[in-house]
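In what follows, chains carry the letters A, B, and so on, assigned in the order in which the sequence lines appear, proteins first and then strands, with residues in each chain numbered from 1. Values below: all heavy atoms of this structure, side chains included; hydrogens, waters and symmetry mates excluded.
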Amino acid sequence: MEVVIIGAGIVGAACAFHAASAGLGVTVLDRGPVGAGTTSRGEGNILLSDKEPGPELELARLSRDLWGEASEELGPQSVEFENKGGLVVASAPEGLAALHAFAARQAAAGVRTERVDRVGEFEPHIAPGLPGGVHYPQDAQVQPVLAAAGLLRAAVRRGARVRTGEAVAAVTGTGGRINGVRTADGSVLTADAVVNAAGTWGGEVGSRLGAPVEILPRRGFVLVTEPLPPMIRHKVYSADYVANVASSDEGLETSCVVEGTRAGTVLIGASRERVGFDTAMNPDVVALLAAQACRLFPFLRDVHLLRAYRGFRPYCPDHLPVVGPDPRVPGVLHACGHEGAGIGLAPGTGALITAQLLGRPWRGADPAAHTGLLPDRFLTTGGVPT
Amino acid sequence: MTEPRELGGHAAMHEPLGLVVVGAGPAGMAAAATALDGGLRVALVDAGSAPGGQFWRHPPDDARDALPTEDLHHDLRTYRALRTTLAAHERTGRLILLLDHHVWTAARAADGFTVHAVDRGRPPEERAVVLRAPALLVATGAYDRQLPFPGWDLPGVLTAGGLQSLLKGGGAVAGRRVVLGGTGPFLLPVATALAARGAEVVAVCEAAAPSAWLRHPAPLLRNPAKWAEAAGYAGTLARYRIPLRTRTGIVGAEGDGRDGRVAVVRTASLDADGAPLPGTERRIEADTVGVGWGFVPQLDLLLPLGCGLADAGDGTTAAAVDAGQRTTVPGLYAAGETCGVGGAALALSEGRVAAVSVLTDLSAPGRPGVRPLAAERRSVARHRAFARAMAQAHPLPSAWPAWLTDDTTVCRCEEVTAGAVHAVRDGGPATDHRQVKQLTRAGMGWCQGRMCGPAVHCLVAARTEPYTPAERLIATPVTLGALADSVDSPTDATSSEPT
């Protein structure tokens, strides 16, 4: 079977890695370089802590295991895989009760959680007086562009090809079944299946393939400090982050996410704005993120902000990724809409797409267990997104 | 955010700002003076402790008598005239001169722009300041273009511009025996200034051939002042017996093994492409090396604003401007080296032209007549043509990577070697310096690729493609505390009643 994967971000790379591992013929097509979109604009989170029980958490748990395997194969150093663990802290006693209740539901769904009463013992430089938190030992991190490039290189070793070009249309045969992709330069890549892994641009690519899905951008800024000696051990964030991740509010939301990296820099997030693809700098958001981080870790006041980057998270209206075959165009599969969780969910998505292509489970991914992510959920009988 | 503390009690400060000028070098000073004369209220912001930029870099005003630097400068008459004009407007409150203010970003707002700076005038305090105006002029100049060579990361190896800044800013001589290398006319004033301050300039290694200037004689002939300047340098070089070696490059430096400072410089004759000719290498004892391969326009504030770029003709990109120095973003202007490196005389003319455009676009009452503007525009055209001829006479030698060994450091901040850059180029997906950064960390450190970006670009990109810096949303490092405080006390009063 020949598969064209549109998008060389982390999700496309993971799809290529698993599909090539399963012996499928794989061509990855991207209009730009590897991981140049949202992949390069995030912290590289592999999180269970911020996910409530449901289809996304199921994919995240599978994906967490597959990240462990993939990083062993690629070399944990080469992708800067770090099993750092997450620490979610509450800022007030009421918040702590809600956090504990949330963690209990996650634990029932198979997530490892540990109650932390004295957060200062976990994070010596954290602000004093915080009532408590929850430790999530499975939370981890990779350097996302290194990870995408590493997965893609491993796929190429298994016979996959990488092509620069822009997909403009599907080529369909009898019964509307896809048999290739036409690119902007007029050439056709023949394929038995096409995977839409175009991330934030997945809506547009879906339309070009005759299988539109609603993927919208949600802008975020991340701040990066000067390199420091290790000061922050875990990914530390405030409990309101979870509420923001799941929120559909129009306006600006910021929550405090702070973590150290292997390179010594401290990463500070996270903002969410629905402003389309507006690339403008927002100094007020940057200042707000700085203020929240200084409240959580007071030593940061004297630390220099070195750079900031912004990206566009791809989200579906119900904040779940869309993974699976599109019933309108046989042979088209979607693997996009991962919002801010694309790095963490990538290997699970790649394995699930591969399982769907094979028609049988692959590396622990059973299509029957992840039906909640299928594109069908957006479709009415008329075949248009509702 | 807080208002600038320089605001006094003048009636003029109740007027809104018409223009913010970032950069108080020749372009910014000339632009501010013209805009003020035309009736606008102006904020002139600079990171330095005195106006003048790099060209007219001075010690702080209160230290000037103790540190005479006048003999190191050119055209101080114009500098003094501009300072007199600016001082007069400062006294009436029409000019807000903000020195020691580091602008970390600028953003579009509903009625123009916000310019975000931190005031470092009273260290260690750092205080966030925001300015608002309908028009913004970015005159942030340029910085030295560096090409790595084995040993360029040793103590004692500086940029040519850095050596000059030390001299002009405080009269400091960086070393006793100096070798200069690179390409371009800027090496000559650095050599003569060092010699005038008592350093022994052992050699000036110019990569270009001496005949290169003759390929484009017309722009040279139309700029007689440049001939006179060159003749002056030639005389000074002869007086101090400084050898100018053309078609010669610095291909390595070695430390002395004690404090690690540079002790020996290796030079070689270069072929037409810039590759070292076998058997021509010389070892020269020196304690200081100054290297400059021209300059890179400082575009950090312009890129996030969406400003269009143009090929500057010297391997760099610059802000794209029209004949009135307007960028592609309405209300945003650029002048001086941000529009392509061309020297102070060009910067002065561009600054004046830009200010006239601002006055016109804002319908200010006092814009100057047509004739002086036409003269400034002719001056811009003449100097631009000269700059293009200079760029063609002093190209980056295409074979410079031949100096590198696999273990030569390319990115000093993150200690990334040439071998690592070559590996991601040859073995994988890197086709531009941004990709190299993601895959190797080259350009992720303190300088954010300002030092290594052009070199990494040359190593991975197509030869004809000019270097475009990566977008930097944070133009200069700023403490998180200063930003945090700006949220806690969100007052902003430069364009309204002071609080």
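Here A:S40 is the residue among A:G264, A:A280, A:G150, A:S40 with the most heavy-atom pairs under 4.5 Å with chain B. Contact tally against chain A (heavy-atom pairs below 4.5 Å) for B:P124, B:A107, B:G481: the top residue is B:G481. For the set A:V162, A:V286, A:T279, the entry with the most heavy-atom pairs within less than 4.5 Å of chain B is A:V286.
Of all residues in residues 226-234 of chain A, those placing a non-hydrogen atom less than 4.5 angstrom from a non-hydrogen atom of chain B are A:E226, A:P227.
Ion pairing of A:K84 with A:E43 is absent here, as no side-chain N (NZ or NE/NH1/NH2) approaches a carboxylate O to less than 4.0 Å. Here B:D300 pairs with B:R472 in a salt bridge; the nearest charged N to carboxylate O distance falls below 4.0 Å. Here B:R122 does not pair with B:D100 in a salt bridge; the nearest charged N to carboxylate O distance is not below 4.0 Å. Between A:E82 and A:R262 there is no salt bridge, since no side-chain nitrogen of the basic residue lies less than 4.0 Å from a carboxylate oxygen of the acidic one.
Proximity to chain A (any heavy atom under 4.5 Å) is restricted, for B:R441, to the side chain, taken from C-beta onward. For A:T225, the part lying under 4.5 angstrom from a heavy atom of chain B is the side chain only. The contact between B:Q448 and chain A is made entirely by side chain atoms (from C-beta outward), counting heavy-atom distances below 4.5 Å. With a threshold of 4.5 angstrom between heavy atoms, A:F221 approaches chain B through side-chain atoms but not through N, CA, C or O.
Here A:L146 pairs with A:E80, A:Q143, B:L439 under the side chain to side chain contact (heavy atoms under 4.5 Å, CB included) rule; sequence neighbours left out. Here B:C411 pairs with B:C413, B:E414, B:V416, B:A442, B:C452 under the side chain to side chain contact (heavy atoms under 4.5 Å, CB included) rule; sequence neighbours left out. Remark: B:D46 pairs with no residue by the salt bridge (charged side-chain N to carboxylate O under 4.0 Å, His left out) rule, at least two apart or across chains.
Residues A:V257 and A:L289 are not in side-chain contact: their nearest non-hydrogen atoms beyond the backbone lie 4.5 Å or more apart.
Classified by interplanar angle (parallel below 30°, tilted 30° to 60°, perpendicular above 60°), the ring pair A:F277/A:W201 is parallel.
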